[in-house]
Amino acid sequence: MRADPPASHFVAGRPLEDPAGAAIAVTDPFSEREIARVHEATPAVLEAALAAARAAQPDWAGRRPVERGRILLRAAALIRERGEELARLETLDTGKPIAETRVADWPSGADALEYFGGLAAGLGGETIPLGRDFAYTRLEPLGLCVGIGAWNYPSQIACWKAAPALACGNAMVFKPAELTPLGALRLAAILTEAGLPEGLFSVVQGGPATGAALVRDGRVNKVSLTGSVATGRRVYAAAAEGIKSATMELGGKSPLIVCADADLDDAAGAALVANFYSAGQVCSNGTRVFVAEEVAEAFLGRLAARTRALRLGDPFAEATQIGPLISAPQRARVLAHIARARAEGARLVAGGGPGDFACGHFVLPTILAGVRDDMALAREEVFGPVMAVLTFRDEAEVVARANALAFGLAAGVFTRDLARAHRLVAALEAGTVWINAYNLTPVEMPFGGVGLSGIGRENGRAAIQHYSRVKAVYVGRGAVDAPY
Ligand code: NAD
């Protein structure tokens with residue numbers, strides 16, 4: 001099956017091709033066959049996208065916010081109408097099961113367009129009384145924003161960045177990850193169909209060099225990256241060079257704490273979702289599962305039984321729960337992590353290998369118990385279906401161990417004790433903490449990391465301040481009191 005887009009890029013309201021750019025072969029992670037071919041953006045394509053964005057942005061910023069919101073809402077409706085077709089494209093591009101992409105990826109993107117489309121009309125500043133005089137603030141767009149995406153949630157990431165950027169009156173040039181270039185192109189076409197003026201959301205293809213060229217450009221005011229910590233360091237440094245605003249959504253090694261009084265069935269369900277959804281390729285995954293010593297065996301028993309029942313296979317099969325990883329190198333990295341953990345003394349409870357599949361970059365959902373904090377598995381992001389189970393004795397100990405890493409994307413707490421839950425929430429160093437839940441990221445709730453996991457927030461009202469700036473206006477209403 002092929003899924004070639006009309007052209008590699010979408011610039012100034014229409015598909016744009018420049019075959020002079022190096023070819024990027026796009027493969028289906030299940031069949032391992034080429035499904036599309038796009039070309040890396042040439043300097044001419046980047047120039048066209050940046051110039052179109054600059055030209056279009058002032059008029060967009062000057063429109064009534066309710067008008068901007070209406071276009072985003074229309075785009076969300078188009079996405080929902082075409083939900084099945086878009087889910088199939090996402091599954092082809094990422095290898096994620098259709099059962100997931102129907103409910104998670106584009107639907108969450110549509111949520112973002114609806115949320116920020118609705119919020120747009122209510123955006124504004126404040127009035128500050130100063131006696132005779134007064135001041136007011138204006139919420140102004142930043143201008144030209146660059147969005148750079150990861151491959152694990154390509155369409156959701158594009159929507160999560162485009163929606164607040166556009167709602168606030170900015171233009172955005174978006175570069176998807178080179179492994180998954182297709183979804184963002186569809187978003188650009190849908191936004192245009194919904195009435196977005198040309199130039200306000202362009203998509204250009206390419207790898208790190210293309211991303212770096214965009215970040216460096218003097219016309220760019222803000223960079224929003226979703227990617228690894230290593231990339232975040234480079235992009236943040238490049239943005240700093242031009243004193244540009246930056247949002248960094250990076251990796252993690254998030255703790256999920258299961259207390260002795262937790263509902264163990266619920267906690268096991270959450271631990272499975274927190275490690276195996278999207279074949280474990282989720283930034284906020286709870287990959288360090290800390291379970292209270294006294295319930296560890298009972299908990300592991302539940303995990304093992306439910307893991308054995310998971311259905312892996314063709315992502316387009318309705319019954320499939322877990323698909324392949326994104327690429328062969330990613331699978332090799334994940335398998336190496338498993339081998340190293342076992343060599344360091346971790347005990348294999350489930351999975352542990354590539355399984356027996358005719359095609360596809362599969363790794364069996366893997367549970368390793370007896371993991372110690374000093375093992376690489378407990379310190380490094382794996383980005384695959386690998387759960388590390390560690391045990392703990394008391395609350396102070398588990399908090400210290402959970403906080404010991406420099407990451408801080410998310411955390412989870414399972415307990416029936418209300419006071420303990422909120423005590424742990426306050427103590428955990430993370431951008432998001434779930435109580436008796438895991439990995440739910442509704443658009444209404446801010447999302448982002450602390451420490452090496454990033455800066456800035458996506459989603460929720462919090463995202464607005466990362467796509468706009470405050471201008472303070474002092475209004476004098478009397479004679480100027482000059483002492484000179
Ligand atoms: P990556 O860091 O390799 O690439 C991310 C994007 O950055 C790609 O589009 C890539 O082309 C681009 N890029 C790479 N180097 C660049 C440079 N020097 N300048 C500009 N752009 C550059 O990440 P990935 O492998 O695509 O995605 C997996 C990582 O993303 C994981 O670490 C995961 O935790 C993280 N992630 C984080 C979130 C979040 O919201 N916090 C969400 C999804 C994924």
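Remember, it's 1-based here, ligands and their atoms both numbered in the order they're listed. Numbers here are sequence positions counted from 1.
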**Item:** Shortest heavy-atom approach to atom 35 (C) of ligand 1 - which of Gly251, Ala209, Gly227
**Value:** Gly227

**Message:** Counting non-hydrogen protein atoms only, what is the nearest one to atom 23 (O) of ligand 1? Give residue, atom name and distance.
**Reply:** Ser228 N, 3.6 Å

**Prompt:** Will you find, in the side chains of Thr180 and Thr94, an N or O donor that is under 3.5 Å from an N or O acceptor?
**Reply:** no

**Asked** Does Thr231 reach ligand 1 with a nitrogen or oxygen that is under 3.5 Å from one of the ligand's nitrogen or oxygen atoms?
**Response** yes

**Close side-chain approach of Met387 to Leu272, heavy-atom, < 4.5 Å** = yes

**Message:** So for Tyr153, does at least one of its heavy atoms come nearer than 4.0 angstrom to any atom of ligand 1?
**Reply:** no

**Request:** Report the relative orientation of the aromatic rings in Phe30 and Phe362; use parallel for angles under 30°, tilted for 30 to 60°, perpendicular for over 60°.
**Result:** perpendicular

**Asked** Heavy-atom count around Arg33 CZ within 6.0 Å, excluding the residue itself: above 12?
**Response** no

**Message:** Closer than 4.0 Å to some heavy atom of Lys175 - which atoms of ligand 1 meet that?
**Reply:** 8 (C), 9 (O), 10 (C), 11 (O)

**Asked** Where the closest heavy atom to atom 6 (C) of ligand 1 is concerned, which of Pro181, Gly149, Ala150 has it?
**Response** Gly149

**Complete:** Heavy atoms of Ala41 and Val204 approach each other most closely as CB-CB, 4.1 Å

**Request:** Please assess Ser284 against Asn439 for the test side chain to side chain donor-acceptor pair (under 3.5 Å), listing each intermediate value before the final yes or no.
**Result:** CA-CA 7 Å; Ser284 49; Asn439 258 358; 2.7 Å; yes

**Prompt:** Val289 versus Asn275: any side-chain heavy-atom pair under 4.5 Å?
**Reply:** yes

**Item:** Glu32 side chain to Thr27 side chain, donor-acceptor N/O pair below 3.5 angstrom
**Value:** no

**Message:** Regarding atom 18 (N) of ligand 1: of the candidates Arg234, Glu458, Glu178, Met248, which has the closest heavy atom?
**Reply:** Arg234

**Asked** For ligand 1, which part of Leu225 has a heavy atom less than 4.0 Å away: the side chain, the backbone, both, or neither?
**Response** side chain

**Prompt:** Looking at Ala212, which atoms of ligand 1 are within less than 4.0 Å of one of its heavy atoms?
**Reply:** 19 (N), 20 (C)

**Message:** Taking the ring of Trp151 and the ring of Phe383, is the distance between their centroids below 6.0 Å?
**Reply:** yes

**Pair Ser155-Glu90, side-chain donor/acceptor within less than 3.5 Å** = yes

**Item:** Side-chain donor-acceptor pair present, Glu458, Thr247, cut-off under 3.5 Å
**Value:** no

**Request:** Heavy-atom distances under 4.0 Å are what count here, so tell me which part of Val229 touches ligand 1: side chain, backbone, both or neither.
**Result:** neither

**Message:** With a 4.0 Å cut-off on heavy atoms, is Gly454 in contact with ligand 1?
**Reply:** no

**Message:** If you measure every N or O of Trp151 against every N or O of ligand 1, does any of those distances drop under 3.5 Å?
**Reply:** yes

**Item:** Those atoms of ligand 1 less than 4.0 Å from some heavy atom in Gly211
**Value:** 19 (N), 20 (C), 21 (N)

**Request:** Would you check whether Val215 has a nitrogen or oxygen atom less than 3.5 angstrom from a nitrogen or oxygen atom of ligand 1?
**Result:** no

**Prompt:** Given that the side chain starts at C-beta and the backbone is N, CA, C, O, which of these parts of Ile148 lies under 4.0 Å from ligand 1, counting heavy atoms, or is it both or neither?
**Reply:** side chain

**Message:** One residue to check: Phe447. Relative to ligand 1, which of side chain, backbone, both or neither has a non-hydrogen atom less than 4.0 Å away?
**Reply:** side chain

**Message:** Please check whether Asn152 reaches ligand 1 - meaning an N/O of the residue sits under 3.5 Å from an N/O of the ligand, judged on distance alone.
**Reply:** no

**Request:** Quick one: look at Glu381 and ligand 1, take heavy-atom pairs under 4.0 Å, and tell me if it's side chain, backbone, both or neither.
**Result:** side chain

